[in-house]
Amino acid sequence: MEKKPTRIKTLLTPGEVAKRTGVAVSALHFYESKGLIRSQRNAGNQRRYKRDVLRYVAIIKIAQRLGIPLATIGESLGVVPEGHTLGQKDWKRLTTQWRQELDKRIHSMEALRDQLDGCIGCGCMSLRDCPLRNPGDKLGEEGTGARLLEEE
């Protein structure tokens with residue numbers, strides 16, 4: 001008995017993409033609405049995805065696990081020409097950008113952790129003098145009302 005060669009589908013249904021990537025169909029639709037992935041429509045106006053969407057979804061999920069915001073992912077993927085399959089060079093460019101953002105975030109978190117050690121048990125509860133929430137009363141200089149202080 002001769003085995004027929006397996007034909008690789010060039011277009012995948014949302015259900016097939018969801019099954020292969022472990023991402024809900026609703027998430028695929030959301031990613032598409034944000035411009036992170038693209039689909040085309042068949043004659044029955046149903047979504048169909050090119051096979052390269054599997055790689056795009058994998059990259060999106062990796063970036064999300066790293067805490068990269070969807071907007072940043074979109075900006076990074078936005079420079080990739082339509083129809084281009086992401087390769088090693090593209091991955092290197094993306095990870096270089098994201099590494100810088102992660103390093104900055106890690107530095108900020110370490111600084112916050114180190115400041116927190118000195119604050120545990122302090123009990124000051126003073127928003128005016130708190131070195132974590134309002135160092136040097138920077139917020140007071142901006143007037144009254146709620147503010148979020150982020151150190152660069």
Side-chain angles (χ1 to χ4, degrees), residues 1-122 127 130-135 138-139 142 145-152:
M1 184 175 208
E2 191 176 321
K3 196 174 184 181
K4 291 182 181 178
T6 306
R7 190 174 143 233
I8 297 175
K9 291 176 69 173
T10 56
L11 296 176
L12 303 170
T13 67
E16 291 168 328
V17 174
K19 185 176 181 181
R20 297 269 312 264
T21 61
V23 171
V25 171
S26 60
L28 296 174
H29 295 171
F30 179 74
Y31 293 159
E32 191 173 346
S33 74
K34 297 296 181 187
L36 301 173
I37 60 174
R38 296 178 185 94
S39 71
Q40 45 191 266
R41 300 291 180 142
N42 68 9
N45 200 32
Q46 297 169 321
R47 284 183 173 91
R48 294 295 182 259
Y49 295 97
K50 292 182 180 178
R51 296 185 67 74
D52 66 351
V53 77
L54 299 172
R55 184 168 287 176
Y56 279 84
V57 172
I59 289 169
I60 293 165
K61 294 309 294 176
I62 290 167
Q64 284 183 306
R65 281 187 61 204
L66 294 171
I68 307 294
L70 282 178
T72 302
I73 298 169
E75 290 169 11
S76 299
L77 294 176
V79 299
V80 177
E82 189 168 346
H84 175 74
T85 301
L86 293 171
Q88 231 174 348
K89 188 186 258 186
D90 301 305
W91 180 245
K92 180 72 173 166
R93 180 184 53 79
L94 292 173
T95 57
T96 299
Q97 291 173 349
W98 295 341
R99 179 178 290 275
Q100 292 170 353
E101 185 173 328
L102 286 172
D103 287 343
K104 193 164 101 176
R105 210 176 302 154
I106 288 168
H107 175 74
S108 176
M109 293 297 288
E110 286 175 340
L112 182 59
R113 179 205 57 210
D114 294 345
Q115 290 174 343
L116 187 62
D117 287 346
C119 193
I120 294 175
C122 149
L127 292 180
C130 181
L132 286 179
R133 181 66 191 119
N134 188 13
K138 290 181 185 174
L139 298 177
E142 296 179 18
R147 299 215 176 16
L148 176 63
L149 179 65
E150 298 267 339
E151 289 196 38
E152 299 289 321

S.K.: Roughly how far, to the nearest 0.5 Å, is the CG atom of L94 from the CH2 atom of W98?
M.R.: 4.5 Å
S.K.: Verify the neighbour count for atom CZ of R99: are there more than 12 heavy atoms of other residues, nucleotides or ligands below 6.0 Å?
M.R.: no
S.K.: Which distance, rounded to the nearest 0.5 Å, do you find between the CD1 of I62 and the OG1 of T95?
M.R.: 10.5 Å
S.K.: Quick check for you: to the nearest 0.5 Å, what is the distance between S76 atom OG and R93 atom CZ?
M.R.: 6.5 Å
S.K.: Taking all heavy atoms of L28 and all of A18, pick out the closest pair and write down the distance.
M.R.: CD1-N, 3.8 Å
S.K.: Taking E110 for its side chain and H107 for its backbone only, find out whether a donor-acceptor pair lies under 3.5 Å.
M.R.: no
S.K.: Run H29 and R47 through side-chain contact (heavy atoms from CB on, under 4.5 Å) and show every step you take.
M.R.: CA-CA 9 Å; H29 295 171; R47 284 183 173 91; 3.3 Å; yes
S.K.: Please tell me if the side chains of Q46 and S39 come closer than 4.5 Å, counting only heavy atoms from C-beta onward.
M.R.: no
S.K.: Please assess Q40 against Y49 for the test side-chain hydrogen bond (donor to acceptor under 3.5 Å, both in side chains), listing each intermediate value before the final yes or no.
M.R.: CA-CA 6 Å; Q40 45 191 266; Y49 295 97; over 6 Å; no
S.K.: Rounded to the nearest 0.5 Å, what separates atom CD1 in I73 from atom CD in Q64?
M.R.: 5.0 Å
S.K.: Please report the closest heavy-atom contact between A27 and V23, naming both atoms and the distance.
M.R.: CB-CG1, 3.2 Å
S.K.: Return yes if some donor-acceptor pair links the side-chain N/O of T72 with the main-chain N/O of I68 below 3.5 Å, else return no.
M.R.: no
S.K.: Do the side chain of R55 and the main chain of L86 share a donor and acceptor less than 3.5 angstrom apart?
M.R.: yes
S.K.: Got a second to check how far T21's OG1 is from I60's CD1, nearest 0.5 Å?
M.R.: 9.5 Å
S.K.: In Å, rounded to the nearest 0.5 Å, how long is the span from NZ of K50 to CG of L12?
M.R.: 12.0 Å
S.K.: Taking salt bridge (Lys or Arg N to Asp or Glu O under 4.0 Å) as the test, write out the residues that go with R48, two or more places apart.
M.R.: none
S.K.: How about CZ on R41, more than 12 heavy atoms from neighbouring residues, nucleotides or ligands closer than 6.0 Å, or not?
M.R.: yes
S.K.: Donor-acceptor check, side chain of S108 to backbone of K104, threshold 3.5 angstrom: yes or no?
M.R.: no
S.K.: Looking at L66 and L102, what are the two nearest heavy atoms and their distance?
M.R.: O-CD2, 3.3 Å
S.K.: Has the side chain of R105 got a donor or acceptor atom that lies under 3.5 Å from a matching backbone atom of Q100?
M.R.: no
S.K.: State, to 0.1 Å, how close L36 and Y56 come at their nearest heavy-atom pair, and which atoms those are.
M.R.: O-CD2, 4.0 Å
